[in-house]
Number of protein chains: 2
Amino acid sequence: MPSLASNHIRRCPVAAFQKMISGKYKLRILWDLQDGPQRYGELRKSLLRGAEGAPAIAPRVLSRELKALAQSGLIARKDYGVVPPKVEYRLTPMGRSFIPVVGEIRKWGARHLGGERLGLAS
Amino acid sequence: MPSLASNHIRRCPVAAFQKMISGKYKLRILWDLQDGPQRYGELRKSLLRGAEGAPAIAPRVLSRELKALAQSGLIARKDYGVVPPKVEYRLTPMGRSFIPVVGEIRKWGARHLGGERLGLAS
DNA sequence: CAGCATCCTGCGTGATACTG
DNA sequence: CAGTATCACGCAGGATGCTG
């Protein structure tokens, strides 16, 4: 059961939603994970697609986004405990149930915000 | 045609979406407007529902949210030019097309975030 | 009534360097 | 490889008072 703080926020779905997906990368991370688990470094690279010149995401930032998503119960972290380190992130059932919502968002955005090509960029 | 800055963001629907609905109240405002136009003061009061003890939204903040939504093309401002002032905010067609998406968000949130009672609180 | 002007605070984001 | 530590900064959000 995800901990979403303050009692009154649990009464307000959209507020809770906004808190949960606040941050520039959370939605993109979820979307990228729908095709299967990915490692930290893979996600890091994925998040550059769609913005060529953009500088890489700061490790600190990605780290926090992932932790937040995990604590929300949307993704799970699996540490293989080997060296060199190998860690995978995957969608939880709850996270997977959220994908269609992101899909709706993307479809709407593509239709009304000029983002053609639903294929690749997140 | 809404202006959503920087070319690369127009390529990324979810990024554009997040930018568009960033801010604590934008989604709630849109949701509240689906039943018809509302005046500034009415919105102000609406935004308190679901959080009793909460202090009122700062006028400065509400003002900015409304301006941003208007510039995104989701809502329209109608000034009646009378005194005392009367201003109404209503959904544009684009804004109305967005309501179902918010609906999906609320449904998901209600199901997975413990926010029962889809009736009133936004 | 519908805001604007001003000040203040915390946090989200980024850049860089370092580690087990 | 998968992060943590540290520093820096802009901006969202709140509080208060004033105005046409």
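A, B, ... follow the sequence lines: proteins, then strands. Residue 1 opens every chain. All heavy atoms count here, side chains included; hydrogens, waters and symmetry mates do not.
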### Task
Check whether any side-chain heavy atom of B:Leu62 lies under 4.5 Å from a side-chain heavy atom of B:Arg44, and answer yes or no.
yes
### Query
Under the side chain to side chain donor-acceptor pair (under 3.5 Å) test, which residues partner B:Ser97, sequence neighbours left out?
A:Trp108, A:His112
### Task
For each nucleotide in nucleotides 13-20 of chain D, reading 5' to 3', give B when a protein heavy atom comes within less than 4.0 Å of its base, S when such contact involves only the sugar-phosphate, and - otherwise.
BBB----B
### Task
For the pair B:Phe17 and A:Phe17, name the ring-plane relationship: parallel under 30°, tilted 30 to 60°, perpendicular over 60°.
perpendicular
#### Entry: Any residue meeting side chain to side chain donor-acceptor pair (under 3.5 Å) with A:Lys26, in chain and number order, not counting sequence neighbours
A:Glu65
### Query
Side chain of B:Thr92, backbone of B:Ala76: donor and acceptor closer than 3.5 Å?
no
### Query
Hey, where on DNA chain C does chain A first and last touch, going 5' to 3'? Cut-off is any atom under 4.0 Å from a heavy atom.
C:dG12 to C:dG20
### Task
Quickly work out the B:Lys67 NZ to D:dA12 C1' distance and round it to whole Å.
15 Å
### Task
Tell me, please, which residues at least two apart from B:Gln18 pass side chain to side chain contact (heavy atoms under 4.5 Å, CB included).
A:Ile21, A:Leu27
### Query
Is a side-chain N or O of B:Ser72 found less than 3.5 angstrom from the main chain of B:Ala68, in a donor-acceptor match?
yes
### side chain to side chain contact (heavy atoms under 4.5 Å, CB included) involving A:Pro100 - partner list, sequence neighbours excluded
none
### Task
Determine yes or no for a side-chain-to-main-chain donor-acceptor pair under 3.5 angstrom, with A:Tyr89 supplying the side chain and A:Ile29 the backbone.
no
## Note on the structure
Residues pairing under salt bridge (Lys or Arg N to Asp or Glu O under 4.0 Å) where one sits in residues 82-104 of chain A, two or more places apart or in two chains, turn out to be A:Glu88-A:Arg90, A:Glu104-A:Lys107
### Query
Looking across every strand, which nucleic acid part, if any, lies under 4.0 Å from A:Tyr89 by heavy atom: base, sugar-phosphate, or nothing?
sugar-phosphate
### Query
With A:Arg77, which residues qualify under side chain to side chain donor-acceptor pair (under 3.5 Å), at least two apart?
A:Asp79
### Query
Who else is in the cluster with A:Tyr80 when I, L, V, M, F, W and Y are joined by side-chain contacts under 4.5 Å?
A:Val82
### Message
Check this one for me: any side-chain N or O of A:Ser63 less than 4.0 Å away from OP1 or OP2 of D:dT4?
### Response
yes
### Message
Going by the rule side chain to side chain contact (heavy atoms under 4.5 Å, CB included), which residues pair with A:Arg64 if we only count those two or more places apart in sequence or in a different chain?
### Response
A:Arg60
### Query
Among residues 35-45 of chain A, which contact DNA chain D at a heavy-atom distance under 4.0 Å?
A:Arg39, A:Tyr40, A:Gly41
### Query
Between A:Tyr80 (OH) and D:dG3 (C1'), how many Å, whole number?
18 Å
### the helix from C:dC1-D:dG20 to C:dG20-D:dC1: angle between end helix axes, five pairs per end, rounded to 10 degrees
60°
